[in-house]
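I have placed the structure first, in the form of structure tokens, so that the comments after it can refer back to it.
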Amino acid sequence: MEVLKFGGTSVANATAISRVLDIVDAARARGKVVLVCSAISGCTDELIALGALAPADREKAGKALLDRHNCIVNRLFTGKERKDVSQVVLDTYKDLMEAAPEDYQTFGELFSTRIIAAKLRCDGVNALWLDSRDLIRIDGEVVDEEGSFRRIRKAVADHPEVEVFVVPGFIASDSTGHVRTLGRGGSDYTASLFAAALRADDLQIWTDVPGIMTTNPKDVRSARTIPQISYDAAFMLAACGAKVLYAPSVEPARKAGLAMRILDTFHPELPGTVVGAFPRREKGCWVGIACKKYEEDSRLCLVADGPLDESVPGELRSRLERANIVLRGIEFGSPDHIVISLSHGDEIEALRTCHYICFETDDSVDVFLAGEGKVGQALLDIIRKTDNRINVRLIARHECEDEAFFREMFASASGKAVFVDCTDSETIYKWYVPVLEAGINVVSSNRRALSVPYAEFALMKRTARRMRRFLRYETTVGAALPILDSINMSANSADEILSIEAVVSCTLNYILTSGLPFADALRKAQEIGLTEKDPSMDLGGKDAVRKLLILAREAGIPLEEADVQIEPVDGSAVQPGQRFVASIEKDPAAPKGYLAAIRLRTVGPDDPAWNVRGTDNMISIRSAFHPSPLIIQGAGEGAKMAASSVLNDILR
Ligand code: ADP
Ligand code: ASP
Ligand code: MG
């Protein structure tokens, strides 16, 4: 049994409701579902406003609400079903108009859930609408959990055939049977009570943000999702103004030992936040900041995951005052949280400054490494020796596309996190997009991952841009040489690339410049581990093509492997003075505006390729602004060098 709760924006209109039903479908494939929904967004506020109007004005304002619901019905249903559901909506509206004005606010969830239950049934799902007013009882000011749980269990047990129970959130009744609410935002509480009563396998709170974040993202754009948070810290943030979760909903989940997951209806693939029994740290680190307005002041609540040092309020005060923020007070609310009091109007600037101090000045980086081959090992070596800003959090030993590795990364990444791909895998790139979407940066030395079909490459780039994360892969061409960055600078400065010529195959260059007969040189290259496992990959230009695709794409040319004319190396025909050159050249007649080729070329002493020896690489870039080429030449091979380039991508 899973309990899924969707908030007001998640059910705001027909499109949003269809999205909800897709998520419910996926849950239904795993087992029974309790679907708790809020009123459509803004509805509860409008109902409260309606109740406050003079009786003569209520009809007109009420009609507007009726129209909003009818609009959804018209989009979701056709024919007889549309008529039937419109009637249900109309009956609910008539009940509303006959209710006491102070009870109007309890009708929003009746409208939304009746429509959604009807839609599920119309789609052939065995769905049953349960009236939470009959199930959740409030005694005085508190929910009678024992009795409520008993009734919830019975209601569900009475209908073993039902796949989805649809439940209006927010509403309950008192001991006389009169309708009551659980408080604003109370649908979260309804979900938590149902989940605890039914000992659900999962409790999911679906909303319009990617989880509980370090603060309200509407106030601070750089807020980021908290992957895991303890019940205590989540409660504290919620109670102090983080509207994303209704504070009373934490306790039933905690008592039942149930984790709560906060998920984004609009990005269901994101990992969200898990609220659970995470241990308190010995020394507290900042978790999040909530902000709430009171009558007399505005208060920020800075929450940590363990006790804070005595000196923290003093330090915070002086940093805020240096930023010209006037505090009315600052004190410990508990050993794990600090409360700052401010005059109305000062809270947003103070919040931004506090967020910056707590979450944006930490320059440590969490690294998740896949691939512990030569480059991966060299990287770990350098990190161990040189830098304590980098915490290696997780290592996948081999070429790893293990889902568990990525899930663990999603769950534990916080702050600045970088996924480093030092594998040789052809398929691991499929994880790059979800990794970026989880807010994690990507650094790769795996050129197979970047030479995938252009559409896939472009999607990775777009995702990185959209998520404001970096995707860096300087190491994939010319190891530590700053080649891609140089091309990028031209491409970004509206300079037009005219040609790129590159000697980028260390293996072939070693063979061609060794002075030995071709076959002997090849054998030697194999012995010292310079060739690919299958040396025909090198001779056939396969590895050089990958590099050329990456170079071209960096220059903004959407090159595919099929666009490159390749002349494989025929060992018996090699002449002295030849170099294996990958090139692109502007040619308006070519389909993508450039001719791309990889072939042996005889070069003279004037050619920059002439001097390239052994495993060195050379690249020469001519552009409209730089007709005399920019030439970058140097060592193109070596695990240590590649690792230093990866490290540079991680830190710069
Ligand atoms: P729902 O209707 O899904 O219950 P709410 O409007 O109650 O959604 O809560 C979600 C909103 O909470 C977000 O849109 C966001 O503006 C606000 N919010 C406040 N603090 C936080 C926080 N720390 N993390 C995420 N969202 C927050
Ligand atoms: N609809 C109610 C409110 O707006 C309950 C909820 O959305 O959780 O407060
Ligand atoms: Mg809410």
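Keep in mind that the numbers below use all heavy atoms, side chains included, and drop hydrogens, waters and symmetry copies. Remember, it's 1-based here, ligands and their atoms both numbered in the order they're listed. In this text, all values refer to a predicted model and were calculated from it rather than measured experimentally.
- The number of heavy atoms from other shown groups lying within 6.0 Å of CZ (R468) does not exceed 12.
- Contact annotation: for P217 versus ligand 1, heavy atoms closer than 4.0 Å belong to the side chain alone.
- In terms of polar-atom proximity, defined here as any N/O pair under 3.5 Å, G185 does make such a contact with ligand 2.
- The local environment of CZ in R466 is crowded, with over 12 non-hydrogen atoms from other residues, nucleotides or ligands closer than 6.0 Å.
- Counting atoms of ligand 1 from 1 in the listed order, those under 4.0 Å from a heavy atom of T207 are 1 (P), 3 (O), 8 (O), 10 (C).
- Heavy-atom proximity to atom 12 (O) of ligand 1, evaluated over T44, V220, V244, is greatest for V244.
- For E296, the CD atom counts as densely surrounded, since its 6.0 Å shell holds more than 12 non-hydrogen atoms of other residues, nucleotides or ligands.
- A donor-acceptor contact closer than 3.5 angstrom is absent between the side chains of H267 and E437.
- Residue contact check: K218 has heavy atoms under 4.0 Å from atoms 13 (C), 14 (O), 15 (C), 16 (O) of ligand 1.
- Residue contact check: G211 has heavy atoms under 4.0 Å from atoms 24 (N), 25 (C) of ligand 1.
- Near K243, the atoms of ligand 1 lying under 4.0 angstrom from a non-hydrogen atom of the residue are 5 (P), 6 (O), 7 (O), 9 (O), 12 (O), 19 (C), 20 (N).
- Atoms of ligand 1 lying under 4.0 Å from any heavy atom of D208, numbered from 1 in the order shown and given with element: 10 (C), 11 (C), 13 (C), 14 (O).
- Interface atoms of ligand 1 facing T215, defined by a heavy-atom separation under 4.0 Å, are 22 (C), 23 (N), 24 (N).
- At a 4.0 Å cut-off, at least one heavy atom of G186 sits close enough to ligand 2 to count as contact.
- When each of Q228, R281, R280 is checked for a side-chain hydrogen bond (donor to acceptor under 3.5 Å, both in side chains) with D305, only R281 meets the rule.
- Remark: F111 engages H69 in a ring-ring contact (aromatic ring centres under 6.0 Å, His included) (not counting sequence neighbours).
- Sequence neighbours left out, the pairs with a member in residues 185-211 that pass ring pair (Phe, Tyr, Trp, His ring centres under 6.0 Å) are F6-W206.
- Distances from atom 1 (N) of ligand 2 to the heavy atoms of K243, E109, K5, Q105 put E109 nearest.
- For the pair D188 and ligand 2, the shortest N or O to N or O distance does not fall below 3.5 Å.
- Between I212 and ligand 1, a contact under 3.5 Å exists for no N or O pair.
- Considering D264, T225, N216 only, the shortest heavy-atom separation from atom 19 (C) of ligand 1 involves N216.
- Only side-chain heavy atoms of V209 come within less than 4.0 Å of ligand 1; its backbone N, CA, C and O stay farther off.
- Only the side chain of K5 comes within 4.0 Å of ligand 1, judged by heavy-atom distances.
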